[in-house]
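Every number for a ligand or one of its atoms is a count from 1 in the order of the listing. These figures come from a predicted structure and were not determined experimentally. We count residues from 1, following the sequence as given.
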Amino acid sequence: MQRVRVIDSHTEGEPTRMVVAGGPDLGAGSLASRRDRFAQEFDWFRRALIDEPRGSEVAVGALEVPPVDPTSTTGVIYFNNAGYLGMCGHGTIGVVVSLAHLGRVGPGDHVIETPVGTVSATLRPDGAVSFRNVESRCSRQGVTLDVPGYGAVVGDIAWGGNWFFLTEQSPVAVVRQNIPALSTYTTAIQRALEAAGLGGSDGGRIDHIEVSGPSDSGADSRNFVRCPGGMYDRSPCGTGTSAKLAVLHARGQLAPGRRWRQESILGGVFEGSFEATSAGVLPTIVGRAYVTAEADLVLDDRDPFRNGIPA
Ligand code: PYC
């Protein structure tokens with residue numbers, strides 16, 4: 001019988017399951033090397049926490065690990081129903097709120113190490129969390145993709161801690177009622193990217209698809225983000241908003257320091273802004289999360305579905 005201590009939260013509707021005790025010991029080394037060890041030796045743990053019958057395919061897991069730099073607040077490796085994420089914006093907001101719930105951090109600045117870089121996060125006295133993400137950049141603008149069933153789709157490729165294909169082209173309005181059609185469309189884009197052999201500038205897989213449309217509630221844009229594994233992000237997506245800011249900067253459509261309000265398909269909002277760098281932007285994203293559970297998960301050796309229901 002194994003017990004795993006988790007704090008569950010949601011950030012604008014998107015769940016995060018933070019593992020604070022009982023997770024695998026990944027040893028020492030960079031967060032990237034520990035993420036690789038997690039994937040190679042302990043992938044069953046990812047499935048046990050996220051897959052049915054214990055988890056939810058929508059949730060993002062956040063395994064807390066000792067940071068490389070002892071002055072950092074913590075280290076975190078993010079994972080979901082399909083594998084491992086570089087960074088996770090809504091997850092970072094959830095982690096800070098979860099740590100505050102445990103009494104481990106208070107209002108102020110905190111440093112979180114991830115496999116793709118170090119992020120600084122601030123818990124504000126009103127409970128909102130802002131985080132300064134890893135450097136984000138637009139690597140290609142105006143890429144035309146032949147998407148079977150939809151024709152030519154033009155979009156940009158950008159890094160925001162994960163790789164994104166972002167487009168403003170959509171066969172249906174970007175509104176909640178069209179979630180099924182948007183899921184089908186973005187899955188077709190994902191397949192077309194793979195068929196075309198398109199990746200990020202470092203060869204990384206583009207595994208997030210972001211479709212933007214106008215907002216009718218005062219935000220600058222509303223998005224629908226397909227995550228790896230096929231689920232859509234209930235939040236406006238922190239790494240997706242970072243990628244969007246990198247694209248807006250590359251196109252000269254948003255100046256450094258200007259506020260960008262990114263609405264999700266469910267109506268939640270992240271506020272973003274950026275500082276320009278020589279390679280792209282340093283985004284700051286602000287959002288809110290709420291704790292939904294503190295629990296001990298039980299992994300029973302007698303349970304045939306101890307490690308999740310196999311796909
Ligand atoms: O907020 O960066 C994010 C994110 C990635 C996948 C789900 N949420």
Side-chain angles (χ1 to χ4, degrees), residues 8-18 35 46 49-50 55-63 76-98 112 114-117 119 121 128-137 158-166 179 182-183 186-187 190 200 204-212 221-247 260-272 274 281-290:
D8 287 350
S9 62
H10 80 86
T11 307
E12 301 298 347
E14 180 76 353
T16 303
R17 169 162 282 181
M18 182 180 185
R35 185 238 354 246
R46 174 185 67 78
L49 263 69
I50 299 294
S56 150
E57 55 189 354
V58 179
V60 169
L63 175 68
V76 179
I77 299 172
Y78 294 104
F79 53 98
N80 76 351
N81 59 332
Y84 299 83
L85 303 172
M87 226 302 277
C88 181
H90 91 267
T92 301
I93 296 168
V95 161
V96 172
V97 166
S98 297
I112 299 175
T114 80
V116 296
V119 171
V129 175
S130 70
F131 70 90
R132 191 159 125 138
N133 198 4
V134 296
E135 188 175 57
S136 301
R137 61 188 188 281
W159 170 256
N162 298 298
W163 280 107
F164 285 78
F165 180 83
L166 304 96
I179 286 173
L182 290 163
S183 294
T186 50
T187 298
Q190 180 71 60
R205 180 165 182 254
I206 302 169
D207 55 6
H208 289 71
I209 315 297
E210 181 167 344
V211 180
S212 301
S221 155
R222 180 186 295 135
N223 70 18
F224 174 91
V225 177
R226 181 194 192 272
C227 300
M231 296 299 103
Y232 73 91
D233 196 332
R234 276 63 175 159
S235 84
C237 194
T239 52
T241 301
S242 299
K244 180 78 179 179
L245 293 173
V247 167
W260 179 263
R261 284 171 54 80
Q262 183 63 61
E263 183 182 351
S264 78
I265 195 70
L266 297 188
V269 172
F270 285 167
E271 275 187 20
F274 66 86
V281 300
L282 274 175
T284 296
I285 309 290
V286 190
R288 286 178 179 274
Y290 301 90

Check whether any side-chain heavy atom of [X] sits under 4.5 Å from a side-chain heavy atom of [Y], and report yes or no.
{"X": "Val76", "Y": "Thr92", "answer": "no"}
{"X": "Tyr232", "Y": "Leu266", "answer": "yes"}
{"X": "Val97", "Y": "Tyr290", "answer": "no"}
{"X": "Ser242", "Y": "Phe164", "answer": "no"}

Hey, which residues fall under 4.0 Å of ligand 1 on heavy atoms?
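Under the 4.0 Å cut-off, ligand 1 touches Glu14, Cys88, Gly89, His90, His208, Cys227, Asp233, Cys237, Gly238, Thr239.
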
What's the verdict on side-chain contact (heavy atoms from CB on, under 4.5 Å) for Leu245 and Ile285, showing C-alpha distance, side-chain angles and the deciding distance?
CA-CA 10 Å; Leu245 293 173; Ile285 309 290; 4.1 Å; yes

Can you list everything that forms a salt bridge (charged side-chain N to carboxylate O under 4.0 Å, His left out) with Glu263? Sequence neighbours excluded, please.
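Here the qualifying residues are Arg222.
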
